[in-house]
Amino acid sequence: METLLGIAIGVGLSAAAGFRLVVPFLVMSIASLTGHLSLAPDMEWMGTPPALAAFAIATLLEILVYFIPWLDDVMGALSVPVAVVAGTVITASFVTDMSPFLRWTLAAIAGGTVAGSVDVLTTGLRFVSTATTGGLANGLVSVGELLSSTILALLSILSPVISMALIVFLLVWSIRRTQRMLTSRRNKESSISTYS
């Protein structure tokens, strides 16, 4: 049961890393330092004052970068592979009762996949915002991503079951939305080719 709870916390924090890479690490560090979160023995360094300071500075820099139009798009595109790694490390931080191979494989499949999927969705949203508003609405998108990351990270620690349900709902919703958009696009293309 403890392993499943650890995976749920890790996956929730990994999804938060898909919105903002460093925010979940900052939340983990604070929760570990205050005694609200136990990390795997080889990841306990995340719950130290120097790690907290580093995560706080990195979070501030990440927030600032995403408020610079066009640079936020570049950072978003670069963040996808980094989010996969971050999600893997985060999930591995909570899985302790298994072999290292199984631990890191599970972390990559569960945490890495979720973090990468969320990051791809947010990067796509940011590109659409840039294309339709010339980057003027990207600040709002950035605020939404920051709030989503913070709330999801906190919820993952306070109520992992609710955070998992929310993640499943968001992923299913976004997949259905993407399928509808693709179907609509195909229908438009076929109607255009029919009239040609």
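Keep in mind that the numbers below use all heavy atoms, side chains included, and drop hydrogens, waters and symmetry copies.
Between the CG atom of L146 and the CD1 atom of I63 there is a distance of 4.5 Å, given to the nearest 0.5 Å. Note that CG of L13 and OG1 of T91 are 8.0 Å apart. Values are rounded to the nearest 0.5 Å. Between I57 atom CD1 and E62 atom CD the span is 14.0 Å, to the nearest 0.5 Å. Remark: M43 CE to I90 CD1 distance equals 10.0 Å, nearest 0.5 Å. Separation of atoms CG (D119) and CG (L121) is listed at 9.0 Å; rounding is to 0.5 Å. Atoms CG and OG, on L170 and S117 in that order, are 12.0 Å from each other to the nearest 0.5 Å.
Applying the ring-ring contact (aromatic ring centres under 6.0 Å, His included) test to residues at least two apart or on different chains, the pairs with a partner in residues 6-32 are F25-F55.
Between V89 and M46, the closest side-chain pair of non-hydrogen atoms falls below 4.5 Å. A heavy-atom distance below 4.5 Å is found between the side chains of F94 and M28. Side-chain contact between I162 and L155: present, with at least one pair of heavy atoms (C-beta onward) separated by less than 4.5 Å. The shortest side-chain heavy-atom distance between V143 and F67 falls under the 4.5 Å cut-off. Using a 4.5 Å heavy-atom cutoff, the side chains of R20 and S142 are in contact.
The minimum heavy-atom distance between A115 and A83, with the atom names listed, is CB-O, 3.1 Å. A pairwise comparison of heavy atoms in L39 and G47 identifies CD1-N, 4.1 Å as the closest pair. Annotation for V11 and G111: closest pair CG2-N, 4.4 Å, computed over non-hydrogen atoms. Considering every non-hydrogen atom in both V84 and G116, the closest pair reads CG2-CA, 3.7 Å. Counting all heavy atoms, side chain and backbone alike, L152 lies closest to S163 at CD1-CB, 4.1 Å. Closest heavy-atom contact between I167 and A15: CD1-CB, 3.6 Å.
Hydrophobic clustering (ILVMFWY, side-chain heavy atoms < 4.5 Å, transitive): V23 and I157 are in one cluster. Grouping the Ile, Leu, Val, Met, Phe, Trp and Tyr side chains by contacts below 4.5 angstrom, directly or via other members, places V74 apart from V82. Cluster membership check: I151 does not share its hydrophobic cluster with L166, using side-chain heavy-atom separations under 4.5 Å among Ile, Leu, Val, Met, Phe, Trp and Tyr. The hydrophobic cluster containing L5 also contains V27, counting ILVMFWY residues as joined when their side-chain heavy atoms lie under 4.5 angstrom apart, directly or transitively. Taken together through direct or relayed side-chain contacts under 4.5 Å among Ile, Leu, Val, Met, Phe, Trp and Tyr, L171 and V120 form parts of separate hydrophobic clusters.
Under the 3.5 Å distance criterion, the side-chain polar atoms of T34 are matched with a main-chain donor or acceptor of A31. Put simply, the side chain of S99 gets close to the backbone of L102: a donor and an acceptor are under 3.5 Å apart.
Y66 meets the ring pair (Phe, Tyr, Trp, His ring centres under 6.0 Å) test with no other residue; sequence neighbours excluded.
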I'd like to know whether D42 forms a salt bridge (Lys or Arg N to Asp or Glu O under 4.0 Å) with R103, so could you lay out the CA-CA distance, the side-chain angles of the two residues, the decisive distance to 0.1 Å, and finally the verdict. CA-CA 12 Å; D42 58 337; R103 173 187 176 202; 2.9 Å; yes

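With respect to P24, the side-chain contact (heavy atoms from CB on, under 4.5 Å) criterion is satisfied by exactly one of S156, S14, S149, S29: S149.
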